[in-house]
2 protein chains.
Amino acid sequence: MTSGANLLAVIERQRSELNKSESKVADAILRNPEEATRSSIANLATQAGVSEPSVNRFCKKFGASGFPDFKLQLARSLASGVRYVSRAVEFSDDINTFPRKLFDNAISALMTAREDLPLVAIERAVDHIAQARRVFFFGLGTSAAVARDAEHKFFRFNVPVSTHEDAMMLRMLSASGGVGDVFFFISHTGRTRVLVEAAQLAKNTEATVVSLTHEGSPLAAQSHCCINVDVEEDTDQYLPMTSRLVQLVILDVLAAGVTLRRGESFTPYLARIKDSLKETRFPPS
Amino acid sequence: MTSGANLLAVIERQRSELNKSESKVADAILRNPEEATRSSIANLATQAGVSEPSVNRFCKKFGASGFPDFKLQLARSLASGVRYVSRAVEFSDDINTFPRKLFDNAISALMTAREDLPLVAIERAVDHIAQARRVFFFGLGTSAAVARDAEHKFFRFNVPVSTHEDAMMLRMLSASGGVGDVFFFISHTGRTRVLVEAAQLAKNTEATVVSLTHEGSPLAAQSHCCINVDVEEDTDQYLPMTSRLVQLVILDVLAAGVTLRRGESFTPYLARIKDSLKETRFPPS
DNA sequence: GACTGTATGTAATAAAACTACATATACTAT
DNA sequence: ATAGTATATGTAGTTTTATTACATACAGTC
């Protein structure tokens, strides 16, 4: 059976296809996974209302060599932070619970993204940016902040970079694209009309359209190169959170990619930029 | 002894202060932690060249209830991805390695931060923001993008929010503070003169100064309430990365905190804001 | 309604971990 | 230097825990 990264998720998925005693064990574990990692096989058997060998068989079914090994994998699964479902903040939460939940969600989103990185698209995007004459980062709303962050990264590569949020500017700039121009669109949904239309305008020029957005979205359709980030935002949550974090890290990856492309001789240049800030700061005590 | 989040790191740190047999055990574990999680106490004792009770004592010394519990914690520690040191990108890296490294670093930074959240400061900051007449988010460079992100979150709470990057505006606005004004400064180093000076100006008014910055920094010293984020950026890396992610999640936490403070009746209001975007998007296919 | 295969449990066995105690080593004070 | 004391480590027995082999129960099929 699947020896996936996340045991807990695997159990949950298989939950319905288990026979009677197996599902009792599954329930007992899912009810309190943390406790399961700490209890003995006898204890868990009692909790589940089955015999010890049933628990043992259950463990083997899920790829473990036995109960202790199963507990180990379970502990890993728990520690990895990839909780089955990311936990939404409830109004009953207090200061001791909700900050942790939000961090858990963020970590979980990054871990999920890490497992399934669109390396090909990333590599192509790096190519485009590394060779670009100029780069525009376009994003609205939360993605505007991401675009701004990208601007603060990519200007370092000796390429003119800019960010814009004005819908009119977006259209005009997009239409003004030429060979060597990269229009980089950032959007969680990939459905924002303004952006999609701007992407379309840009695509009708000689410029290259790169996007960091949802797979199969209208924006993706208008892109020469689309980096998929399919993080599911918790829809109950009214504030966008996790998706932008993944976007930011992907942009870090792109920046690192361009740095590597520039080669080792480029490092002093980056160092010079960093050093330029020295005098704006109070010296370390 | 310390029951820190990362057992492996704790062992490594204490390595020098252990007695003979203990250090033998530590070595055996550090030599191959992965294997240690799988082996029996007898096996590990042989590997280390000590007796079984010595291993057992070692486990207890590090906060475990016994050997099995120790293995569990070790497994967690390994799975958490919080490897001893976060791995820097090298010029020899290729597309298969460096993106993963960057994600690992990001995750690791969030996990570290999660273990040591400054809950008291967070709670106080939430109080201040929830009761604010208006809020200013000030950050420069990378932190400007973070401030922008914060603006996109906090405007939802019926409080006038703004972000500024112009050094002159920062000073003038800070000096203009009054009762109920919250000046929220964001800075990784906490040493940026412009920000520290603005914070000082704000502190001389009736306004409240909140900062999201490094503990013990000049900026922290000028704050009524300082949320510490002591993420160590990899200094070899010329691009700031991890610290801003932690800052962003902390801001999410603050936003969630304010939402909870507003109470359940506030949700429809948030929903309305979210819904306002519907017509700007292409409908889902 | 008997047959066959699977599912589950019982009880014995084996493995692993722990505890109490014994011995050895290092350190201190005379 | 040496006896005394405290700490460190190991031995052996006990207890807990997990596994295996086997028996029984149940479900589905002819």
Side-chain angles (χ1 to χ4, degrees), chain A residues 1 3 7 10-11 14-78, chain B residues 1 3 7 10-11 14-78:
Chain A
M1 199 166 267
S3 74
L7 182 57
V10 173
I11 295 174
Q14 304 271 345
R15 174 66 190 76
S16 53
E17 292 156 34
L18 299 172
N19 58 35
K20 222 187 295 175
S21 67
E22 281 170 352
S23 56
K24 279 188 204 165
V25 177
D27 286 346
I29 291 166
L30 293 171
R31 208 178 306 135
N32 195 345
E34 194 60 46
E35 193 194 317
T37 61
R38 274 180 271 107
S39 68
S40 69
I41 191 168
N43 188 329
L44 187 58
T46 312
Q47 293 279 320
V50 299
S51 69
E52 297 185 22
S54 289
V55 175
N56 194 282
R57 283 187 278 264
F58 179 91
C59 297
K60 286 182 174 165
K61 187 159 193 172
F62 283 91
S65 71
F67 184 71
D69 183 47
F70 179 86
K71 282 201 294 188
L72 238 42
Q73 287 187 223
L74 194 61
R76 277 200 198 89
S77 168
L78 286 171
Chain B
M1 199 166 267
S3 74
L7 183 55
V10 174
I11 294 173
Q14 303 271 343
R15 173 66 190 76
S16 54
E17 292 157 34
L18 299 172
N19 57 36
K20 223 186 295 175
S21 66
E22 281 169 353
S23 56
K24 279 187 204 166
V25 177
D27 286 347
I29 292 167
L30 293 172
R31 208 179 304 136
N32 194 345
E34 194 58 47
E35 193 195 317
T37 61
R38 274 181 271 106
S39 67
S40 69
I41 192 168
N43 188 330
L44 187 58
T46 312
Q47 293 280 321
V50 300
S51 69
E52 297 185 23
S54 288
V55 175
N56 193 281
R57 282 187 278 264
F58 179 91
C59 298
K60 286 182 175 166
K61 186 159 193 172
F62 281 92
S65 71
F67 183 71
D69 182 47
F70 179 86
K71 283 202 293 188
L72 238 43
Q73 287 187 223
L74 193 60
R76 277 199 198 90
S77 168
L78 287 170

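Here is the naming used below: chain letters follow the sequence lines, and residue numbers restart at 1 for every chain.
When DNA chain D is scanned 5' to 3' for any atom under 4.0 Å from a heavy atom of chain B, the first and last hits are D:dA8 to D:dT11.
Distance NZ/A:Lys61 to OG/A:Ser54: 11.5 Å, rounded to 0.5 Å. Note that CG of A:Leu72 and CZ of A:Arg76 are 5.0 Å apart. Values are rounded to the nearest 0.5 Å. Once rounded to the nearest 0.5 Å, the distance linking SG of A:Cys59 with CD of A:Gln73 reads 9.5 Å. Rounding to the nearest 0.5 angstrom, the gap separating the CG atom in B:Leu18 from the CD1 atom in B:Ile11 is 9.0 Å. How far CZ of B:Phe67 is from OG of B:Ser40: 6.5 Å, rounded to the nearest 0.5 Å.
Between the CG atom of A:Asn56 and the P atom of C:dT13 there is a distance of 18 Å, given to the nearest Å. Spacing between atom CG of A:Asp69 and atom C1' of C:dA15 amounts to 15 Å, rounded to whole angstrom units. The distance between atom CD1 of B:Ile41 and atom P of C:dT19, rounded to the nearest whole Å, is 10 Å. Remark: P of C:dA16 and NZ of A:Lys71 are 14 Å apart, rounded to the nearest angstrom. With rounding to whole Å, B:Leu44 atom CG is found 13 Å from C:dA16 atom C1'.
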Under 4.0 Å protein heavy-atom contact, by nucleotide of nucleotides 5-12 of chain C - B base, S sugar-phosphate only: --SBBB--
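Looking at B:Glu22, its side chain does come within 3.5 Å of a backbone N or O of B:Asn19 through a donor-acceptor pair. Not one N or O on the side chain of A:Lys71 forms a donor-acceptor pair closer than 3.5 Å with the backbone of B:Pro68.
Here the shortest heavy-atom pairing between B:Leu44 and B:Ser39 reads CB-OG, 4.0 Å.
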